[in-house]
Every structure is written in structure tokens, then in C-alpha cells.
2 protein chains.
Amino acid sequence: MTDTTTEHPATILIIDDHPLLRRGVSQLLELEDDLLLAGEAGDPREGIRLALELDPDMVLLDLNMPQMDGIETLKRLRDGGFAGRVVMFTVSDHEEDVVNALRSGADGYLLKDMDPDEMVRQLRQASLGRMVISESLTALLAEALCSQRNQPAAPDIHSLTQREREILLELAAGLSNKMIARKLEITEGTVKVHVKHLLKKLNLRSRVEAAVWAVQEGIER
Amino acid sequence: MTDTTTEHPATILIIDDHPLLRRGVSQLLELEDDLLLAGEAGDPREGIRLALELDPDMVLLDLNMPQMDGIETLKRLRDGGFAGRVVMFTVSDHEEDVVNALRSGADGYLLKDMDPDEMVRQLRQASLGRMVISESLTALLAEALCSQRNQPAAPDIHSLTQREREILLELAAGLSNKMIARKLEITEGTVKVHVKHLLKKLNLRSRVEAAVWAVQEGIER
DNA sequence: TCCGCCCTACCCCCTTGGGTGTAGTAGACT
DNA sequence: AGTCTACTACACCCAAGGGGGTAGGGCGGA
């Protein structure tokens, strides 16, 4: 498995605001000739730019950055057309964060305090297209899947407020924000706020997805 | 019926690029105290601006103007939030034009060569919320409804080209133009062209409407 | 051969959308 | 009294959408 030197090495971009941690990963990767550090970024925007420019096989993405959270960064990566693997890399072992990240399309979720050997092994797995999760999280993950106490980020109509449901309905009817505003007698800016909120709650990326979802769910007043 | 002077008169805005014709209508309306000319516009953009500013009860809209066709003007009026009646006013007695206008949401279709008496009568009807059609067109209209030879502007998947159907599918999946371009390996500009064309063919106003329509129709490859 | 449609690509223009942030008000619950 | 959520509104910014137009290559039918 480790002998993949005849193949081209898997290129990895790390996006993390901690220089020391980037350095650590960098040194870890240098020891493996089938894993190659494609680049580093200290903030999300720079990271997204680099990812689209370098097009690495994998992005190792810090979930908690001051400028932008990892979920948002992941979204923007996908929006930008990045097609490689995106593995979350974080200190948070909260079930909520794990579930949220995976629901948002992350290809893996690794903890920063994990064993270097396991780290390398998991990265290798990820580069092969497998979804990876830190071993210490598997129990927690199983629990999350069984007990249904994971309301956050669940695309559920009930997570929306009454007003947001109204806006979603009009939106799905094909109305623009301006038209919705006129119809509900509020400003366009307020409509935008509601749309933004419902997109976030439903974990969708555009009003088109929201409209299609609403239609398929058969949402009604 | 003519005695509605106790009510406020119905205000009418005329949008037509022929000054003489505007003058004619103007004089015709002056003779009726229940019909009031709210304003005139010689080109579509000015007309739209005026309509939104004056908010007349009815817009008399030339179907054939050099700057912008009447259908497009009608769309923009509705997009702008104009909620009054929009009656097409034209020389064209082509079935295609009539059907197209009515399908696009026009509240009436009157011919410019119609009898002044009928004209006034029809305008009065329109101001009451009734749909009006020049009498000389009724036969033609009936025929159009019976014989189904009205492909133009019929929201039909078969009116789309293969490529347009592909784009519609991706669009309905929530992909942006850029993502569709990447997926189909063409430029974003070309995707925009296809989207523009399919919206026109399906007589829809936005990609959201297109997406919802596609989903409801159960469009597949 | 010429015409027309399809697909592609590009130009210009302006509007719309979606994100950031701050902030005020009202009602409900602690 | 304090806090939380919902709803409203506005600022700014940049990306995306949608309209107009022109144009060239390919392909098939008149």
C-alpha cells in the first residue's frame, strides 16, 4: 500500500491559520513519498484561491478559522469548481461539528491530536477516494446516527420559521426577491435576509436548489 | 355602463413609438369621461419607467416596437412589479402573435385598425378586469384553440434542442452556469446562451422557474 | 449550392443574488 | 431584569444571472 512511488504522489493543500500546525503537517508529509504538500494557506480566501489555482488532489481544511468557518470555506471551494477531496482538520470532537461537516459534503474529518501514523494512513485512504474519520470519533458518529438528536443542518421544513417558509414558497413559485418583497409588503433587503437564513438552515447553496427542494418536498402553507 | 363618472376614471398609459397613433388614442380618450390618459411613452424603456411611476390602471402596449418587442416589455413591466392591466395594441393579426401575447400574460389584444367605438367599448371592458380581444380576431382565436398547430411559446420539452435539455437538467440540479460549463466542458458564456434560449422557448422568466418546471415535468435525459 | 438550425464563443449592459456586518423592535421565556 | 428568537431594515461588496448583439463552423434539407 505504501509503495505507490511509481504513481504520481497525491498532492495536498493545507488551509489552516496556525503556522506551527502547517509546519507539522508539512514535515509529516515530507517523510512520505506518496504524499506531496502542494501548498499552504493561512486564511480561507487565500486557501480557496490556491486550491483553484493548484488543483490539488486533496485539501486539508481547518474547521475553525477566525475569518471564515470551514463549512463556508468548503461551500466556496465547491462553488469555485474544486473537485478534489476536502478533509476537515480540526480540534473539535463535538458531534454537531462532525455531523455538520459531513452533511456539508466533507470527504473526511480528522482530529488534530491524532497519532501521526494514523494521520498518514488516513490521508492515504482519503487520497484513494475513501471517506476518513478519526478512529476516536467512530463511536460518537455511530451514536449520532442512531439517536436522532441531530436537528442542526438537517434539511427539514420545521427548522424554518413561519416567515422563512412563506418566503420559500414564493421563491419556489419563481418570484424574485423584489417581487416577494412587494407581495409580502416588506423591503427587498429583508427578503434577502430571510433567503440567506433559510439557505443556511437547509444547507443549500442557491435559491434554485431551495426551489427544487421545496417542490420535491411538496411544501405548502 | 357608460355612466361611471361617479367612480374615478380608469387611467391609461399608452406605450407606442408612433406619435400620430398616440395622438389618436389620446383624442379618443378625451371624449370619454370614464377613461383618462395617464401618460404617453414613445419607447419601451420610458414606458416601463412611466408605468411604474404613474401606476395606471391599464397599459396600452404596442407589440411591435423597434427597441424592444412587446412580449419583452410586458415581462419587464411585470418584473418591475406593475400589477395593472396590460393590453396589447398592434397591427398584427397573426395568430402566432396573438397566442404568444396572451400566453405571456397580456390581458387583452386589440388591433389598431379597429372601429373607434369598439375600441372605447373594449377599453372600458378591460378596465373592469375583463380580457378583451378585437372582435375580428375571435374566429382566428377559436381556430387556434381547436387545431393544435401552435407550437410557438408552448412550454414543451420538445421545443428544446438536445443541448438545451442537457443544460436544463443540470440547471434543475442546482448547478450554476459556471459549474454547468465545467461539467459539459464548454464556456460559461455558451451556457448562458443556452439558458437564455431555453427560457425564451419555455416562456419563463428565470432559471428558478425553469428548474421548478423541469422538476414538475419530471424531465430526464 | 444556398438556407437554416445548432452549437460554440465573445462583446456589452444592467439587474439580481448572496454574503458580510450592524441594529432596532417586539414577544416569550427564565 | 435579563436573554433569546423572530422580524425588520440598511450598509457594502462581489459574483451570478439574464438581456441585447455579432459571428463562425458544422450539418442537413430544400
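Naming: A, B, ... by sequence-line order, numbering from 1 per chain.
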Within the pair [X] and [N], is there a side-chain N or O less than 4.0 Å away from OP1 or OP2?
X       : N       : result
K178(A) : dT16(C) : yes
T161(A) : dT5(D)  : no
N177(A) : dG17(C) : yes

Whole angstroms only, please: what is the [atom1]-[atom2] distance between [X] and [N]?
X       : N       : atom1 : atom2 : value
L160(A) : dT5(D)  : CG    : P     : 16 Å
R205(B) : dG18(D) : CZ    : P     : 12 Å
H194(B) : dT8(C)  : NE2   : P     : 4 Å
N203(A) : dG18(C) : CG    : P     : 15 Å
I167(B) : dC7(C)  : CD1   : P     : 8 Å
R45(A)  : dC13(D) : CZ    : P     : 14 Å
R207(A) : dA16(D) : CZ    : P     : 16 Å
L184(A) : dC7(D)  : CG    : P     : 12 Å

Nearest to the [X] side chain among [options], which nucleotide is it?
X       : options                   : value
R163(A) : dG18(C), dA6(D), dT8(D)   : dT8(D)
R76(B)  : dG17(D), dG19(D), dA6(D)  : dG19(D)
K196(B) : dA16(D), dG21(D), dC7(D)  : dG21(D)
K200(B) : dG20(D), dA9(D), dA6(D)   : dG20(D)
T187(B) : dT16(C), dC10(C), dG19(D) : dC10(C)

Would you indicate what [X] reaches in the nucleic acid, counting non-hydrogen atoms under 4.0 angstrom: base, sugar-phosphate, or nothing?
X       : result
V195(A) : sugar-phosphate
T190(B) : base
E164(B) : nothing

If I compare all heavy atoms of L77(A) with all of I48(A), which pair ends up nearest, and what's the gap?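 Taking every non-hydrogen atom into account, CD2-CA, 4.0 Å.
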
Minimum heavy-atom distance between A38(A) and L54(A), given as atom pair plus value: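 Result for this residue pair: O-CD1, 3.5 Å.
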
Run through D113(B), L110(B), T90(B) and flag the one making a side-chain contact (heavy atoms from CB on, under 4.5 Å) with S134(B).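 Of the listed options, the one satisfying the test is L110(B).
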
Ion pair present between E188(A) and K192(A), side-chain N to carboxylate O less than 4.0 angstrom?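 Answer for the salt bridge query: no.
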
Please compare I186(A) and L199(B) by the position of their nearest nucleotide in DNA chain D and report the one closer to 5'.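 So the residue in question is I186(A).
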
Expected output: side-chain R165(A) to main-chain L160(A) donor-acceptor under 3.5 Å: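 Yes, because the side chain of R165(A) sits within donor-acceptor range (under 3.5 Å) of the backbone of L160(A).
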
Any donor-acceptor pair under 3.5 Å joining the side chain of K192(B) to the base of dG18(D)?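 A donor-acceptor contact between them is present.
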
Test item: M88(B) and L74(B) side chains (from C-beta on) under 4.5 Å apart, heavy atoms: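 They are in side-chain contact.
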
